[in-house]
Amino acid sequence: MSRPGRFERRLRETLLNLAAAGGAVCLIAVVLAVAFNITLILFKTGSMSPTIPAGSLAVVREIPAAELKTGDVVTVDRPGKLPITHRIQSVGPAEGAARTITMKGDANAEADPAPYVVERVRIVLWSVPGLAYPLAAAANPVVLGATTVCVAALVSWVLWPRNGSRRGQRRKRGQHAAA
C-alpha cells in the first residue's frame, strides 16, 4: 500500500477515535451530572471578584441547607429574579430543615440587603475564569447545528467504504488472469 493510503487510513482512524473519545466524555459528564446533581453557572457580573471574576464558569452541586457553613460560596434561587451567587456571612436556624443565611459578594462593600431562607442551595465546587463566554457562544443553535453537521460528515467520511482499495484490485486482477 502506498504512503498516502497509510496516511489517510491513520488520519481516518485518529479522527474517529477522537470523536469517540469526545462522545464518551460527554456521556460520562451527563451521567455524573445527573447522579451527583451537578450543574454549571455562568458569571455575568463581577460581584464575586477577584475569587470568581465576570466571565467565569463554575461547577455547582445542590446540597441541603443543613450542610451550609460560613464562608461557603453558594447560589440561591430567588423567586421572580435571577439566582445570586455570593459568599455566606452567617447561617442561622429557620423552620424545619431550612436555614437563614446572609450573603455578600466578595467585591461588594456591604452584605445583600435581606437574608435568604433556604432549604437547598447550590455550592460552588470550582470555577474557571473566562470559560463562560465561549460556552455561551457554543450553546447558540447555529453553532450546535454546524457542529452536528461537521461531526456527522466526519463519521460518514471515516466509515465510508473505499471501492478502489489496492488489495481488492489485486484480487480481481489475479482472478481474471487465472480465468
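No experiment lies behind these values; they were computed from the predicted model shown.
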Verdict with supporting geometry, Asn108 and His86, side chain to side chain contact (heavy atoms under 4.5 Å, CB included): CA-CA 10 Å; Asn108 297 347; His86 283 162; 3.7 Å; yes

Distance from [X] atom [atom1] to [Y] atom [atom2], nearest 0.5 Å?
X     : Y      : atom1 : atom2 : answer
Leu57 : Leu42  : CG    : CG    : 6.0 Å
Gln89 : Glu110 : CD    : CD    : 12.0 Å
Arg99 : Lys69  : CZ    : NZ    : 13.5 Å
Asn37 : Leu32  : CG    : CG    : 12.5 Å
Asp72 : Met103 : CG    : CE    : 11.0 Å

Salt bridge (charged side-chain N to carboxylate O under 4.0 Å, His left out) between Asp77 and Arg122, worked out: CA-CA 9 Å; Asp77 291 317; Arg122 289 172 282 165; 2.5 Å; yes

Where Ala54 and Gly46 come nearest, the two heavy atoms and their spacing: CB-N, 3.9 Å

In the structure I gave you, are the side-chain heavy atoms of [X] and [Y] within less than 4.5 Å of one another anywhere?
X      : Y      : value
Ile101 : Val76  : yes
Asp112 : Thr102 : no
Val118 : Leu68  : yes

N/O donor-acceptor pair under 3.5 Å between Thr100 side chain and Ala94 backbone: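 Side chain of Thr100 to backbone of Ala94: no pair is present.
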
Check: Arg87 side chain, Gly71 main-chain N or O, donor-acceptor pair, under 3.5 Å: yes

Linked hydrophobic residues, Phe43 as query - side chain contacts closer than 4.5 Å: Ile41, Met48, Ile52, Val60, Val73, Val124

Should [X] and [Y] be regarded as members of a common hydrophobic cluster, given that ILVMFWY residues are connected when their side-chain heavy atoms come within less than 4.5 Å of each other, either directly or indirectly?
X      : Y      : result
Leu40  : Leu144 : no
Trp126 : Ile123 : yes
Leu135 : Leu125 : yes
Val128 : Tyr133 : no
Val117 : Ile84  : no

Partner residues of Ala111 under the side chain to side chain contact (heavy atoms under 4.5 Å, CB included) criterion, sequence neighbours left out: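 Expected list: Lys104.
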
Pairs of donor and acceptor atoms involving the side chains of residues 10-31, under 3.5 Å and at least two apart or interchain, shall be tabulated with distances.
from: Arg12; atom 1: NE; to: Val158; atom 2: O; distance (Å): 3.2
from: Arg12; atom 1: NH2; to: Val158; atom 2: O; distance (Å): 3.0
from: Thr14; atom 1: OG1; to: Arg10; atom 2: O; distance (Å): 2.8
from: Asn17; atom 1: ND2; to: Glu13; atom 2: O; distance (Å): 3.2

